[in-house]
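Okay, structure first, notes after.
Quick note on labels: first sequence line is chain A, next is B, and so on, each numbered from 1.
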Protein chains: 2
Amino acid sequence: MAPTHNPNQCPMESILGQIMGPWTPYILWLLSNEESLRFGQLSALIPDISAKVLTDRLRKLEASGLVHRDYQPTVPPTVYYSLTERGAELHDVLQGLNKVALRWDAEDREKQGKSDSEVIAAE
Amino acid sequence: MAPTHNPNQCPMESILGQIMGPWTPYILWLLSNEESLRFGQLSALIPDISAKVLTDRLRKLEASGLVHRDYQPTVPPTVYYSLTERGAELHDVLQGLNKVALRWDAEDREKQGKSDSEVIAAE
DNA sequence: CTCAATACTTACCAAAAGGTAACTACTTGC
DNA sequence: GCAAGTAGTTACCTTTTGGTAAGTATTGAG
């Protein structure tokens with residue numbers, strides 16, 4: 001009892017705890033660009049994530065009230081994931097981050113000079 | 001050789017790899033609100049982080065070119081951390097995220113009703 | 001009677017991350 | 001010559017996380 005400081009002191013820490021971590025913001029960003037995505041579609045869009053981890057991230061986002069899970073008991077079953085109203089409030093932040101990402105990416109390619117032709121040649 | 005797909009396909013993944021992870025965005029946000037912060041100040045602002053992890057995060061941010069490390073060989077030595085120009089480009093995104101965090105925090109407190117008085121009483 | 005398809009869950013093991021305590025450097029003050 | 005103070009580093013150990021493979025449910029197709 002009587003902790004030395006209030007853990008909820010800072011709302012920033014709280015929101016970061018909900019959306020940070022490997023893959024989580026990337027999942028939110030993918031969902032913010034589509035009406036909804038099925039589990040298999042998300043899995044295909046993020047080739048390096050395993051089903052176990054993807055499930056875990058989605059469950060946590062669901063528990064935070066940022067993602068909605070729509071289970072359709074068809075055969076075989078299909079599950080649609082989409083952002084809740086609250087989750088959609090992250091759209092602008094994620095778009096802003098993507099803009100910065102695109103800018104940095106362009107700057108880095110320019111400075112290195114190479115990349116484009118080499119990458120295509122390697123395929 | 002010849003991987004099936006280019007890992008740098010998506011700039012979003014790249015930026016997330018640089019700024020995501022436990023404490024990292026929080027450190028950036030703290031630095032974006034001050035000219036600079038010393039190691040000990042950061043440590044005090046984030047009570048639950050250990051020196052080892054804080055050092056690790058700062059070194060990685062430095063390697064990414066987002067944070068500048070200014071070592072002053074005084075006795076005892078002092079080290080000032082600040083955002084680089086590139087790091088400062090995250091300011092708007094972080095402020096946007098903080099706005100959302102504050103809004104959610106206010107909404108959650110309202111719905112729960114309690115919190116404020118109880119929290120203060122517990123101190 | 002078995003396979004395929006979707007969206008998982010579970011068990012088990014390996015790898016990564018993090019905590020803690022001790023140690024470093026250097027000079028001033030006692 | 002010992003402690004204090006800043007900003008670490010290092011070694012060691014524990015905890016957490018993640019990968020992989022197998023199993024679950026249901027039903028239509030072959």
Side-chain angles (χ1 to χ4, degrees), chain A residues 3-5 7 13 16-28 30-31 34-64 66-84, chain B residues 3-5 7 13 16-28 30-31 34-64 66-84:
Chain A
T4 48
H5 80 285
E13 283 195 45
L16 288 174
Q18 289 176 24
I19 70 171
M20 287 300 110
W23 306 119
T24 305
Y26 193 59
I27 292 168
L28 289 169
L30 290 173
L31 288 174
E34 307 286 336
E35 271 290 303
S36 70
L37 286 171
R38 300 223 322 265
F39 182 88
Q41 293 179 304
L42 280 168
S43 198
L45 288 167
I46 319 172
D48 291 343
I49 201 173
S50 67
K52 179 185 174 184
V53 172
L54 180 54
T55 304
D56 178 76
R57 298 299 183 273
L58 289 168
R59 290 284 176 284
K60 279 174 180 161
L61 288 172
E62 204 190 342
S64 301
L66 301 179
V67 161
H68 174 70
R69 182 171 184 270
D70 178 22
Y71 177 85
Q72 296 292 334
T74 54
V75 172
T78 49
V79 181
Y80 293 92
Y81 291 96
S82 56
L83 294 186
T84 60
Chain B
T4 47
H5 80 284
E13 281 194 46
L16 289 174
Q18 290 177 23
I19 71 172
M20 287 301 109
W23 305 122
T24 305
Y26 194 58
I27 292 168
L28 290 170
L30 291 173
L31 288 175
E34 308 285 338
E35 271 290 302
S36 69
L37 286 170
R38 301 222 321 267
F39 183 88
Q41 294 179 304
L42 279 169
S43 198
L45 288 167
I46 319 174
D48 291 343
I49 202 172
S50 67
K52 177 187 174 184
V53 171
L54 180 54
T55 303
D56 178 75
R57 297 300 182 273
L58 289 169
R59 291 284 176 284
K60 280 176 181 161
L61 288 171
E62 205 190 340
S64 301
L66 302 179
V67 162
H68 174 70
R69 182 171 184 270
D70 178 22
Y71 178 84
Q72 295 292 333
T74 54
V75 172
T78 48
V79 181
Y80 294 91
Y81 290 97
S82 57
L83 293 186
T84 60

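Between the P atom of C:dC8 and the CG atom of A:Leu54 lies a distance of 8 Å, rounded to the nearest Å. The interatomic distance linking A:Leu58 (CG) with C:dA7 (P) rounds to 11 Å, in whole Å. A straight line from CE of B:Met20 to P of D:dT17 spans 17 Å, rounded to a whole angstrom.
Within the structure, side chain to side chain donor-acceptor pair (under 3.5 Å) contacts touching residues 19-28 of chain B (residues at least two apart or in different chains) are A:Glu13-B:Tyr26.
Residues B:Leu58 and B:Phe39 form a side-chain contact, since some pair of their non-hydrogen atoms from C-beta on lies under 4.5 Å apart. Annotation: side chain of B:Val67 is not in contact with side chain of B:Ile27 (no heavy-atom distance under 4.5 Å).
Backbone-only engagement by B:Tyr81 is indicated by non-hydrogen atom pairs under 4.0 Å involving sugar-phosphate atoms exclusively. A:Val75 comes within contact range of at least one nucleobase, with a heavy-atom separation under 4.0 Å.
Between A:Arg38 and C:dC8, a side-chain N or O to OP1/OP2 separation shorter than 4.0 Å is absent.
In this structure A:Ser43 satisfies the side chain to side chain contact (heavy atoms under 4.5 Å, CB included) test together with A:Leu54, sequence neighbours excluded.
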**Footprint string (nucleotides 15-23 of chain C, 5' to 3'): B base within contact, S backbone only, - free, heavy atoms under 4.0 Å** = ---BBB---

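Of the listed nucleotides (C:dC8, C:dT6, D:dG8), C:dT6 has the atom at the smallest distance from the side chain of A:Thr78. Across C:dT9, D:dT6, D:dG8, the shortest atom-to-atom separation from the side chain of B:Arg59 is found for D:dG8.
The residues A:Lys52 and A:Asp56 are annotated as not salt-bridged, no charged nitrogen and carboxylate oxygen being separated by less than 4.0 angstrom.
Judged purely by distance below 3.5 Å, without hydrogens or angles, the side chains of B:Arg69 and B:Tyr81 pair a donor atom with an acceptor atom.
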